[in-house]
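Quick caveat, the model's predicted, so the values are computed rather than measured.
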Amino acid sequence: FINLVDNTNLNDMGFAPFAKVVGADGMAVVDRIYSGYGEGAPNGQGPDQGRIQAEGNKYLKRQFPNLSYVTAVRRVTTPKETVEAEL
């Protein structure tokens, strides 16, 4: 899922952020992610976490053919990160 607010409380539950949406262009990409399944089971029509763990992508591809996937990422460093890495 994508957090729209700071959810620091999730840190102790093992959720690890792996990306940051940057700027209006980034939100345009987020807006293209398929949301038709809604929330995950049992509160919505989306995938069941237990079945994802047990059956993996086979379950997802069969039951949720319109699901969006992250297929590539790239790391973008800021000037500050670059300076800190050089220290």
Original post:
Would the number of heavy atoms belonging to other residues, nucleotides or ligands and lying under 6.0 Å from CG of Asp25 be above 12?
Top reply: no

**OP:** Would you please name every residue forming a side chain to side chain donor-acceptor pair (under 3.5 Å) with Glu55, sequence neighbours left out?
**Re:** Arg51, Arg62

Subject >> Remaining members of the apolar cluster that contains Tyr59, side-chain heavy atoms under 4.5 Å >> reply: Tyr34, Tyr37, Ile52, Leu60, Phe64, Leu67, Tyr69

Subject >> Residues forming a side chain to side chain donor-acceptor pair (under 3.5 Å) with Asn7, sequence neighbours excluded >> reply: Asn3

Original post:
Are more than 12 heavy atoms from other residues, nucleotides or ligands located less than 6.0 Å from atom CG of Asn9?
Top reply: yes

**OP:** Answer yes or no: are there more than 12 heavy-atom neighbours, outside Gln63 itself, under 6.0 Å from its atom CD?
**Re:** yes

**OP:** Treating Ile, Leu, Val, Met, Phe, Trp and Tyr as nodes and any side-chain heavy-atom pair under 4.5 angstrom as an edge, say whether Val22 and Val30 lie in one connected cluster.
**Re:** no

